[in-house]
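Below you'll find the structure, written out as structure tokens, and then a few comments.
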There are 2 protein chains.
Amino acid sequence: MTLQGGFVTQSSSTTVGSVARALDLVELVVSGPDVGMPLSEIAKAVGGSKSAVLATLRTLVDFGYLRTEEPGPKYLPGMMLIRLGDLASAHDPLIAVARPILAQLSAESGLTIRVARNDSGYPVFIDRVDGPGFVLFHTPLGIRELPHVSSAGKAILAELSDKEATAVARECGLVSRTKNSITKLGELKKELEHIRKVGFATDDEEDAQGIFCVGATFFDHFGRCIGAISATGVKTDMTLAQVSNLGKLVIKFADQVTHELHGRKLARRAR
Amino acid sequence: MTLQGGFVTQSSSTTVGSVARALDLVELVVSGPDVGMPLSEIAKAVGGSKSAVLATLRTLVDFGYLRTEEPGPKYLPGMMLIRLGDLASAHDPLIAVARPILAQLSAESGLTIRVARNDSGYPVFIDRVDGPGFVLFHTPLGIRELPHVSSAGKAILAELSDKEATAVARECGLVSRTKNSITKLGELKKELEHIRKVGFATDDEEDAQGIFCVGATFFDHFGRCIGAISATGVKTDMTLAQVSNLGKLVIKFADQVTHELHGRKLARRAR
DNA sequence: ATTTTCCGTTCTGTATTGCCGAACACCGTT
DNA sequence: AACGGTGTTCGGCAATACAGAACGGAAAAT
């Protein structure tokens, strides 16, 4: 469970049980209410004894993964999580390269820009630069998103072979999120063909009402698509001309990412 | 170890060893080289058998805390770390309130703005909005910084009682970072008195050569100082007039944080 | 091509140790 | 005052996490 790897969900031969239980606790608390969770509630949720859960929680608090709000022994996400996320971001070469580019694109377009990694055909957003104004929806980082209802996801799908794209589509099931969502494989293939032609992908309220996105891919030095950037805004701000211009802009910045990664775009041939 | 709690570094009565070892691995890999670390190196570093370390690593990979770069079994920080950091940030009421304010202050001033939580007198930066231009120094999040060489730290110290501030100063030792660092307790007290008068703190190359910061505190509804925001730029960009103006600006935005937290600044009395 | 060396992986036994349940202590209610 | 609700501590059993050696494979050295 928990954002398992590629397609081979091998349930791992030898693994450490107490560590797995501890990480379950972290996930539980982080996904829990903002006010925190008390011990007994946590113990009930994971189905363990209070004493065992307490010992694990103490270890997690010692390491800063969790903290207890004073007064009242409720467990909350700790600051080490912020530290680790920051460190992981800082050590990721893709984020290091992409972040200034995202910031520039956000400044030029006034939109929220995100960068996704290609994780076996699925988009995993790993960084975000919010545009001005309120944040419409909190877009989570670090998890696989649905590939067929996001511009970054469709842009990545368009770079896969027909066989691979079909496999990913079947695996995730082309679930519907809005009335605009593409739910039929044939439609999706047509859309991917279009994306290949124009060089960027759109998401026209396919994931959420009123939200419009434009995405384009970037490549490593083998010419393999390793991710995509996308610009997100509200639908009402988008005219047709703007979509076309925005598409060109996003492609330009995606190409810049490719360039700074010393990557190259191969002529499309063996998809 | 590892950003332990307040002042009572109680090494915790009952704690889970295997979890602690696992979290040590996470820290090791995250702090390791960007290219990743192989199993044997990790096992040697933590002084455990290969098989035990392997089982732990597998668990961590299962949960996305670590990942292995293909090809070659080298362990790298996983995307779950980014996800957890993002979630912890999103669920933190202070960050939720502060982020738009940081962004606005960054836009107005063109500087990098950070927000620190008051962690028993120490500043712990928990969010950051980078200004335009290159990032000069990567400022880590989620760990205690030295209180006497950062504007946010000194601003927080200035809100403590004389006794508390002295205790913190003795505890961290007033170590020197640059020739401008304040290393004498008497000097520090004078500085804190000045900060109380003008309402903001500065860091004039006291932590790093060429770096200038301005910081101001904000408060909860009890009137307790719960943190500070700071603006960071290069020294050469700062004239005396600008420092004064920037101070006022930072105070204004810090007050806005106080306001949105439904906090209040108490008249200084019983420090 | 053959050897050598190193790394990752698997296996099995052992004893470490993490888990459970019960009892205790501590609020807040009722 | 008695109660349900906490978080905490304490033994005892058994599960299990660890170490070590042996296997397999790949790359480097000869």
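Labels below follow one simple rule: chain letters A, B, ... track the order of the sequence lines, proteins then strands, and each chain is numbered from 1. Here the structure is a predicted model, which means the values were calculated and not measured.
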(request) Sort out the partner of D/dT30 for me: Watson-Crick or G-U wobble, both distances under 3.5 Å, none otherwise. (result) C/dA1
(request) Rounded off to whole Å, could you give me the CZ-to-P distance for the A/Arg58 and C/dG18 pair? (result) 13 Å
(request) Can you tell me the distance, in whole Å, between the NZ atom of B/Lys50 and the C1' atom of D/dG20? (result) 10 Å
(message) Need one value for A/Ser49: base, sugar-phosphate or nothing, where a base atom within 4.0 Å counts as base even if backbone is also close, heavy atoms only.
(response) base
(request) Rounded off to whole Å, could you give me the CD-to-P distance for the A/Glu41 and D/dG4 pair? (result) 21 Å
(message) Whole angstroms only, please: what is the NZ-P distance between B/Lys74 and C/dG8?
(response) 8 Å
(request) Consider the side chain of A/Ala52, meaning its heavy atoms from C-beta on, and name the nucleotide among C/dC19, C/dG18, D/dG7 that approaches it most closely. (result) C/dC19
(request) Return the 5'-most residue of the pair B/Ser51, B/Lys44 with respect to DNA chain C, ranking by each residue's nearest nucleotide. (result) B/Lys44
(request) Would you kindly give the CG-to-P distance between A/Leu39 and C/dA25, to the nearest whole Å? (result) 19 Å
(message) Measuring to OP1 and OP2 of D/dG7, would you say a side-chain N or O of A/Ser40 lies under 4.0 angstrom away?
(response) yes
(request) For the pair B/Asp119 (side chain) and B/Val124 (backbone), establish whether a donor and an acceptor sit closer than 3.5 Å, ignoring hydrogens and angles. (result) no
(message) Quick check against the 3.5 Å criterion: does A/His91 have a side-chain atom that pairs as donor or acceptor with the backbone of B/Val35?
(response) no
(message) Expressed as a whole number of angstroms, how long is the span from A/Leu60:CG to C/dG18:P?
(response) 13 Å
(message) Measure CG/B/Leu57 against P/D/dA17 and give the value in whole Å, please.
(response) 15 Å
(request) Whole angstrom is fine here: how far is it from CG in B/Leu25 over to P in D/dC18? (result) 10 Å
(request) Look at the side chain of A/Arg21 and the backbone N and O of A/Gly17, then say whether any donor-acceptor pair between them is shorter than 3.5 Å. (result) yes
(message) Donor-acceptor check, side chain of A/Arg196 to backbone of A/Ala158, threshold 3.5 angstrom: yes or no?
(response) yes
(message) Could you tell me the Watson-Crick or G-U partner of D/dC3, where both distances fall under 3.5 Å? Say none if there is no partner.
(response) none
(request) Could you tell me whether the phosphate oxygens of D/dC18, OP1 or OP2, come under 4.0 Å of any side-chain nitrogen or oxygen in B/Arg21? (result) yes
(request) Indicate yes or no for a side-chain donor-acceptor contact from B/Arg114 to the backbone of B/Asp127 under 3.5 Å, with no hydrogens or angles considered. (result) no
